[in-house]
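For reference, the structure discussed in these notes is given below.
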Amino acid sequence: MTDRTAELAENLARVEARIAAACAAAGRAREEVTLIVVTKTYPASDVRILHGLGVRHVAENRDQDAAPKAAACADLDLAWHFVGQLQTNKVKSVVGYADVVQSVDRPKLVSSLSAAAEREERELGCLIQVALDAESGERGDRGGVSPDGIEELAAAVDAAPGLRLDGLMTVAPLAGPYAGEPRAAFDRLMDLSTALRATRPAANMVSAGMSGDLEEAVAAGATHVRVGTAVLGVRPKLG
Ligand SMILES: *Cc1c(COP(=O)(O)O)cnc(C)c1O
């Protein structure tokens, strides 16, 4: 085992223990929560090691970084999640490797993703990114639509060929009433998910929780946690 493999194995075991403990504390089965490892800024060699350690879901937030990495790992059975703010001029590339885009936050992006998915003749999973600190009708600084914009986007995804509405995603806000209150933020996301599932039961993914707040996300009911730093180490700036 290389030093890096040992390091990632140890970190992964620690994160796994945290998720298991959080599930136990919440009275949830461990299988209800999927770990997505956020590999942004780290090399394809790390993705390959993680796959060897049993990881099957990875996430990236910049197409320039993700596209060559996904190409270098095309032989691995991995689900690739795109979690960054997505410009429409990157959509064609992203749809070439992503299985799920978690950062759907505006109608123009929906039509662009749909056109690309149709061209590739594939079905793309979509999560609507919710900005819990955005004003009504606005988008947040880190992407995401305000809660009152969810229905419009859900309807757009429903109507878009090549796209499948899988659920909701959020990042705990750094500003506004939810700043420093990840549990309250994730509870709010769960309420929004409950409302969405009332008419769209299949859209049951709830992606919330990162290295610092995965316990709060699992307690609130998240189905997917996105963990970077706790598995791979502290990223150099600009991650
Ligand atoms: C980077 C990132 C993560 C992982 O954050 P860590 O704090 O490193 O675990 C999760 N979600 C999104 C959207 C990210 O950009």
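Atom set for the values below is all heavy atoms of this structure, side chains included, hydrogens, waters and symmetry mates excluded. Whatever order the structure lists them in is the order used to number ligands and atoms, beginning at 1.
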From OG (S193) to CG (N204), nearest 0.5 Å |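 Result: 7.5 Å between the selected atoms.
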
Atom indices of ligand 1, in the order listed, that fall short of 4.0 Å to a heavy atom of V227 =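 Per the distance check, 9 (O).
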
Per-atom contacts, ligand 1 versus T229 - under 4.0 Å to a heavy atom |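 By the 4.0 Å cutoff, the relevant atoms are 6 (P), 7 (O), 8 (O), 9 (O).
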
Nearest non-hydrogen atom to atom 7 (O) of ligand 1 belongs to which of G228, G143, S211?
->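 Of the listed residues, S211 has the closest heavy atom.
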
Who's closest to atom 3 (C) of ligand 1 heavy-atom-wise, of R62, M210, R235, R142?
->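 Residue with the shortest heavy-atom distance to the ligand atom: M210.
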
Looking only at atom types and distance, does a side-chain atom of E152 sit under 3.5 Å from a main-chain N or O of G149, one as donor and one as acceptor?
->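 Checking the backbone N and O of G149 against the side chain of E152, no donor-acceptor pair under 3.5 Å is found.
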
Heavy-atom side-chain proximity of L165 to V104 below 4.5 angstrom =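 In short, these two side chains do not touch, never coming nearer than 4.5 Å.
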
Does R4 come within less than 4.0 Å of D46, counting only side-chain N to carboxylate O?
->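 Here R4 pairs with D46 in a salt bridge, since their nearest N and O are under 4.0 Å apart.
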
Is R164 salt-bridged to D99, cutoff N-O under 4.0 Å?
->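 Looking at D99 together with R164, the answer is no, because their closest N to O distance does not fall below 4.0 Å.
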
If you measure from each non-hydrogen atom of V38 to ligand 1, which part falls under 4.0 Å: side chain, backbone, both or neither?
->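 Side chain only; the backbone of V38 stays clear of ligand 1.
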
